[in-house]
K.L.:
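Sharing a structure with you now.
Chain naming here is simple, since letters A, B, ... match the order of the sequence lines and numbering starts at 1 in each.
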Amino acid sequence: MAERIYDPAQIEKKWQAWWDTEGVNNVDVHNAKNPYYVLMMFPYPSAEGLHVGNVYAFTGADIHGRFKRLQGYDVFEPVGFDAFGIHSENFAMKINRHPAELIPSNVANFTRQLKMMGLMYDWRYQVDTTSPEYYKWTQWIFLQLYKNGYAYRDTKEVNFCPACGTVIADEQVNPDGTCERHSDTMVERRKMPCWFFAITKFADRLVDNHEWLDWSDVTKTAQIRWVGRSKGAEVEFPIAGREEKIIVFTTRPDTLFGATFMVLSPEHPLVDTIADPSLAKQIAAYRERSAAMTEQERIENKEKTGLDIGVKAVNPVNGEEIPVFIADYVMMDYGTGAIMAVPNGDHRDFEFARKFNLPVQCIIDPAMDQGSAEDLSLIESVENEIMTSLRNHPIIGGTFSEHSPTPPPLVKIMASTEGKEQARSAIHRGLGAWSGPGRIINSSNDEISLDGKTKEESIAAITAWLESKNLGSEKRQFRLRDWGISRQRYWGPPIPIVYDENGDPHPVPEDQLPVMLPEMTDFRPKGDGRGPLATSEEFVNATIDGKTYRRETDVMDNFLDSAWYFLRYPSARDDQQAYDLELMKKWLPVDMYIGGNEHAVLHLLYTRFICMALAESGVLEMGESSNRDKGEPFKKFRAHGLLIREGSKMSKSKGNVVNPDEFVAEHGADTLRTYLMFLGPYTQGGDFRDKDIQGVRRFFNRVHAYYFDDKKTIVPDEDLPKDVRVKTHQMIRKATSDLESLSYNTAIAACMELLNTLKASEQTSDFVREAFCLMLAPFAPHLAEEIWHTALGREGSVFGARWPEHDEKLTILDEVEIPVQVNGRVRDRIIVARDAPKETLESTALECDGVKRNMTNGAQVRKVIVVPGRLVNVIVK
RNA sequence: GCCGGAGUGGCGGAAUGGCAGACGCGGCGGACUCAAAAUCCGCUGGGGGCAACCUCGUGAGAGUUCGAGUCUCUCCUCCGGCACCA
């Protein structure tokens with residue numbers, strides 16, 4: 001009979017339509033009693049359509065949302081489209097179309113596919129970042145930041161691609177310094193005026209809050225490292241015979257007495273002022289040479305280079321005059337662009353000192369036992385000498401093992417007491433460097449002595465002394481730089497700023513937003529460093545309150561669009577404000593955010609910053625659960641894994657992407673959803689193997705047959721065979737905790753296991769039939785809805801029902817099988833009462849065949865280890 | 001180089017320190033069928049044995065433990081991120 005065969009196409013169409021007309025997915029954002037906000041990173045609607053990677057991400061979030069809904073929460077699960085940005089613009093240029101013209105059909109296609117997947121979206125709150133109704137408020141957010149001092153204009157170095165003819169973002173530069181779109185073109189650095197957001201003002205909070213945020217560890221560490229906070233001191237070095245001072249940042253002020261020279265970054269502005277004028281030519285040549293090198297080349301070329309610029313600086317702690325160099329191993333964009341070089345305490349300074357024959361002043365007695373090989377560097381001849389003397393050492397001389405190749409000499413040296421002692425002596429003689437723990441020596445002047453103090457004690461002491469002498473101060477340094485948001489491009493929200501005749505910026509009044517992106521047929525970058533908007537006189541000339549201005553012609557970074565979209569969702573149709581504060585207090589912070597870890601340091605960091613800045617500005621307030629930091633938008637974040645197919649990451653260039661349409665057409669959305677979740681742990685990703693989807697399809701065929709074909713006797717739950725009841729409650733317990741921790745693969749396995757048990761029994765019960773349907777519902781919402789109505793005869797959606805609860809008492813059988821080990825090896829199994837006492841377990845075990853068999857030759861029982869309900873281990877001798 | 005994550009059958013993957021390989025794919029055998037597909041049932045880590053059973057086995061090597069895939073140390077390999085960050 002046709003209706004007895006699982007027909008996903010028919011079922012899914014039917015229930016999607018029903019959900020729509022009944023408004024099953026709708027949430028009353030104003031009156032929800034038990035709000036729970038599930039957010040997933042919204043997609044960029046590409047022309048290719050939904051990628052199965054998107055489906056993977058969204059399904060995982062949707063399952064969480066559906067599960068929470070079944071647990072009684074009012075789940076808000078919105079969706080939107082992130083269609084501004086260089087991606088869309090480049091694609092439009094490639095096919096010679098206008099981006100605005102492409103978006104609607106792409107969005108329509110995405111919408112069709114998202115609906116096809118049966119995601120629990122409330123489509124009434126959909127947003128599109130390219131609509132003026134949305135970007136009006138993106139501009140409003142810019143203005144709030146501007147008014148409160150978090151947005152400023154500055155002229156800094158930016159990336160310029162000659163082939164693109166435009167400035168590009170940091171993230172569009174390949175690691176080797178070429179352009180993302182032109183892998184044969186090197187990106188240039190140019191100085192241009194740009195708008196920046198002061199994200200560095202929040203650097204401490206961005207790091208510190210990770211102590212309590214419930215986020216994936218990988219994401220946390222990526223952010224913490226990106227912000228890159230280090231604590232140390234700024235120290236001033238006077239220049240002999242001049243007014244200027246060189247300011248350095250160091251994490252090791254305790255080694256100040258060992259500073260024997262200084263190094264400035266080649267681009268350091270002080271160089272032109274203080275360098276010996278007769279060296280101008282050499283300096284220019286050195287700069288040119290290092291500027292021509294890419295980051296990659298600099299790192300690969302380990303050999304240190306540099307140039308003495310013919311002045312002396314004065315070490316403030318001992319008055320010694322030390323030479324000043326420029327060298328490309330010092331970066332202009334970190335710290336102050338200048339360092340004090342302590343060759344005894346830093347391997348880079350050590351290498352430089354060896355190359356240029358500079359003195360190495362010993363200032364540390366290394367604690368070799370507390371350090372590791374990474375802390376040590378030695379000149380090669382000393383290294384060889386030590387290795388030679390250790391050749392016959394039992395550890396060093398012998399092979400480590402046939403599986404581990406020879407470790408590098410420093411590791412070997414650090415592996416023996418003799419080696420460490422010799423290395424220590426070499427460091428004392430200035431033939432090596434040590435950056436590990438130890439005690440400071442040779443470090444005193446008339447006023448202060450660090451001798452004998454540890455690194456930590458010395459840092460505190462010297463910093464206090466420098467402060468008292470006005471020579472320096474404690475300082476935290478960050479790797480993080482302010483966020484440059486100007487794009488000399490077309491496809492983004494215009495920056496709402498105008499300039500008067502003096503070139504001074506003024507904000508566009510809020511009531512005149514949005515600054516509309518003009519329709520332009522030619523929106524290609526011109527390559528003159530100005531944005532395409534600059535060519536539209538109509539756009540550029542603005543009159544505000546009777547005065548004429550010239551508009552800013554750059555647009556904003558696409559990452560700003562996505563830094564606040566979740567604030568907009570609950571107020572998506574509100575044309576009076578960016579977001580309703582009452583709704584913010586109700587729904588934020590987001591309860592669960594799910595997305596790809598590739599956004600750990602971009603989107604997720606920018607977003608946290610935007611919320612903090614808005615909260616500081618007094619225009620954003622979140623609910624009570626944000627008490628610890630009123631600017632933190634995401635209580636919980638989980639990064640999903642990546643899909644692998646045919647041995648590599650799914651990507652267009654590899655040609656191994658999967659179009660969900662085909663799989664849905666063949667097996668249905670429920671099967672694809674469940675299969676994707678069954679591949680492996682959700683947070684780790686999985687291997688998409690086309691054939692394996694059959695397994696889930698068969699499972700659903702069996703589920704369908706269980707409800708619609710199998711004529712089982714329905715009995716009161718108490719009358720079910722005990723093993724069926726126990727399995728049911730065990731699997732409810734397992735599925736519940738697995739869903740909570742996003743371990744979807746094992747939750748699905750639990751459902752399969754349960755079905756195998758249920759099918760084997762002639763009897764079933766209403767409780768079992770209902771519980772199993774509910775357990776499937778987050779994964780296979782259409783099938784569950786079909787079973788709920790048609791097989792179980794219920795009215796109203798299955799998603800209005802409650803998740804089943806297990807009874808702990810019913811998760812254990814009356815009798816359990818327990819392994820019996822002899823000397824740790826399983827030799828037999830005994831069946832005992834569930835709550836049998838230790839004594840019974842022990843005596844039963846000692847009687848069993850497996851134990852007797854293994855106790856021949858007069859062996860004696862020495863000890864019996866009994867773990868009730870688990871095992872018995874008999875130790876014999 | 002540094003920081004994460006991972007290494008388990010033919011494959012994807014399971015295992016609060018307590019029976020390694022749940023669940024699924026694939027494979028083998030069988031039922032149904034004229035036949036195939038679908039479906040259903042059984043078996044399926046290696047080696048030995050007619051069998052009961054024995055033995056080896058979670059990247060390598062050591063250690064802790066009555067007991068280690070799991071904890072500790074020393075390595076190896078793969079993946080991801082950062083990288084002369086002072």
K.L.:
Could you walk me through whether A/Y334 and A/S265 satisfy the side chain to side chain donor-acceptor pair (under 3.5 Å) test, starting with their C-alpha distance in whole Å, then the side-chain angles of each, then the deciding distance to 0.1 Å, before giving a yes or no?
P.N.:
CA-CA 10 Å; A/Y334 184 77; A/S265 164; over 6 Å; no

K.L.:
Taking for each residue the nucleotide of RNA chain B with the nearest heavy atom, is it A/M332 or A/T746 whose nucleotide lies nearer the 5' end?
P.N.:
A/T746

K.L.:
What is the nucleic acid contact for A/Q694, judged by heavy atoms within less than 4.0 Å: base, sugar-phosphate only, or nothing?
P.N.:
nothing

K.L.:
Rounded to whole angstrom units, what separation is found between the CG atom of A/L871 and the C1' atom of B/U65?
P.N.:
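To the nearest whole Å, that distance equals 14 Å.
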
K.L.:
Can a donor-acceptor pair be found, under 3.5 Å and without considering hydrogens, that links the side chain of A/R834 to the backbone of A/V816?
P.N.:
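Not a single qualifying donor-acceptor pair exists.
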
K.L.:
Can you list, in residue-number order, the parts of residues 253-262 of chain A that come under 4.0 Å of RNA chain B, counting heavy atoms only?
P.N.:
none

K.L.:
Please work out if A/R229 contacts a base, only the sugar-phosphate, or nothing of the nucleic acid, heavy-atom cut-off 4.0 Å.
P.N.:
nothing

K.L.:
Round to the nearest Å and state the distance from A/D217 atom CG to B/A6 atom P.
P.N.:
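From A/D217 CG to B/A6 P: 10 Å.
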
K.L.:
Which one is paired to B/U39, where only Watson-Crick or G-U wobble pairs with both distances under 3.5 angstrom count?
P.N.:
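When the pairing criteria are applied, B/A31 turns out to be the nucleotide that pairs with B/U39.
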
K.L.:
In whole Å, measure the gap between the P atoms of B/U72 and B/A86 for me.
P.N.:
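B/U72 and B/A86 have their P atoms separated by 28 Å.
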
K.L.:
Quote, to the nearest angstrom, the C1' distance that separates B/U64 from B/G17.
P.N.:
12 Å

K.L.:
Can you tell me the distance, in whole Å, between the CE atom of A/M775 and the C1' atom of B/C23?
P.N.:
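Whole-Å distance recorded here is 13 Å.
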
K.L.:
B/U39 C1' sits how many Å from A/R702 CZ, rounded?
P.N.:
10 Å

K.L.:
May I ask you to verify whether the side chain of A/D692 and the base of B/C25 hold a donor-acceptor pair under 3.5 Å?
P.N.:
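Flag unset: no donor-acceptor pair detected.
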
K.L.:
With heavy atoms under 4.0 Å as the rule, sort A/I875 into base, sugar-phosphate or nothing.
P.N.:
sugar-phosphate

K.L.:
Can you see if the side chain of A/R698 gets near the phosphate of B/A38 - specifically, an N or O under 4.0 Å from OP1 or OP2?
P.N.:
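Answer no for this pair, as no side-chain N or O of A/R698 is under 4.0 Å from OP1 or OP2.
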
K.L.:
Tell me the interatomic distance from A/Q730, atom CD, to B/A14, atom P, rounded to whole angstroms.
P.N.:
20 Å

K.L.:
Side-chain N or O of A/R225 versus OP1/OP2 of B/A83: is the shortest distance under 4.0 Å?
P.N.:
no

K.L.:
Within the structure shown, what part of the strands sits under 4.0 Å from A/N745 by heavy-atom distance: base, sugar-phosphate, or nothing?
P.N.:
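Here A/N745 touches the backbone only, sparing every base.
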
K.L.:
Work out how far the P atom of B/G26 is from that of B/U77, and round it to whole angstrom.
P.N.:
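36 Å, rounded to whole Å.
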
K.L.:
Does B/U74 have a Watson-Crick or wobble mate here (both distances under 3.5 Å), and if so which one?
P.N.:
B/A60

K.L.:
In whole angstroms, how far is the C1' atom of B/A14 from the CE atom of A/M731?
P.N.:
12 Å

K.L.:
Rounding to the closest angstrom, what is the interatomic distance between B/G29 and B/C78 at atom P?
P.N.:
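Between the two P atoms, the distance is 39 Å.
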
K.L.:
Reckon A/N701 touches a base, only the sugar-phosphate, or nothing at all at heavy-atom distances under 4.0 Å?
P.N.:
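The residue A/N701 makes sugar-phosphate contact but no base contact.
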
K.L.:
Mind checking whether A/F708 and A/H704 have ring centres under 6.0 Å apart?
P.N.:
yes

K.L.:
As an exercise, state the distance from OG1 of A/T746 to CG of A/L739, rounded to the nearest 0.5 Å.
P.N.:
8.5 Å

K.L.:
Is it the case that the ring center of A/F352 lies less than 6.0 angstrom away from the ring center of A/F325?
P.N.:
yes

K.L.:
Have a look at A/L679 and say if it touches a base, only the backbone sugar-phosphate, or nothing, with a 4.0 Å heavy-atom cut-off.
P.N.:
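Sugar-phosphate contact only - A/L679 comes under 4.0 Å of backbone atoms but never of a base.
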
K.L.:
Rounded off to whole Å, could you give me the CG-to-P distance for the A/L672 and B/G24 pair?
P.N.:
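Distance check: A/L672 CG to B/G24 P gives 19 Å.
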
K.L.:
Given atom CG of A/D375 and atom C1' of B/G1, what is their separation to the nearest angstrom?
P.N.:
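Going from A/D375 (CG) to B/G1 (C1'), I get 13 Å.
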
K.L.:
Can you confirm if the aromatic rings of A/F663 and A/F688 lie within a centre distance of less than 6.0 Å?
P.N.:
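Aromatic pair counts; centres sit under 6.0 Å.
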
K.L.:
Hey, does A/D687 reach any base, or is it just sugar-phosphate, or nothing, if we go heavy atoms under 4.0 Å?
P.N.:
sugar-phosphate

K.L.:
Could you say whether A/P681 or A/V826 is positioned toward the 5' end of RNA chain B, judged by the nucleotide with the nearest heavy atom to each?
P.N.:
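Whichever sits nearer the 5' end wins; that is A/P681.
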
K.L.:
So, does A/T251 get its side chain near the phosphate of B/C85, meaning an N or O under 4.0 Å from OP1 or OP2?
P.N.:
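The answer is no; no side-chain N or O of A/T251 sits under 4.0 Å from OP1 or OP2.
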
K.L.:
Considering residues at least two apart in sequence or located in another chain, which fulfil the salt bridge (Lys or Arg N to Asp or Glu O under 4.0 Å) criterion with A/K734?
P.N.:
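Checked A/K734 against salt bridge (Lys or Arg N to Asp or Glu O under 4.0 Å); matches are A/D738.
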
K.L.:
For B/G67, measure the glycosidic angle (O4'-C1'-N9-C4 for a purine, O4'-C1'-N1-C2 for a pyrimidine) and name it syn if it falls within 90° of 0, otherwise anti.
P.N.:
anti

K.L.:
Looking at A/R827, does any N or O in its side chain come under 4.0 Å of the phosphate oxygens OP1/OP2 on B/U55?
P.N.:
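Yes.
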
K.L.:
Answer with base, sugar-phosphate or nothing: what part of the nucleic acid does A/N823 contact at a heavy-atom distance below 4.0 Å?
P.N.:
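No contact.
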
K.L.:
For B/G12, does either OP1 or OP2 sit under 4.0 Å from a side-chain N or O belonging to A/R645?
P.N.:
no

K.L.:
Flag yes if more than 12 heavy atoms outside A/E474 fall under 6.0 Å of its CD atom; otherwise flag no.
P.N.:
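Count not over threshold, so no.
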
K.L.:
Where does the angle between the aromatic ring planes of A/W215 and A/H210 fall among parallel (under 30°), tilted (30 to 60°) and perpendicular (over 60°)?
P.N.:
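The rings of A/W215 and A/H210 stand perpendicular, inter-plane angle above 60°.
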
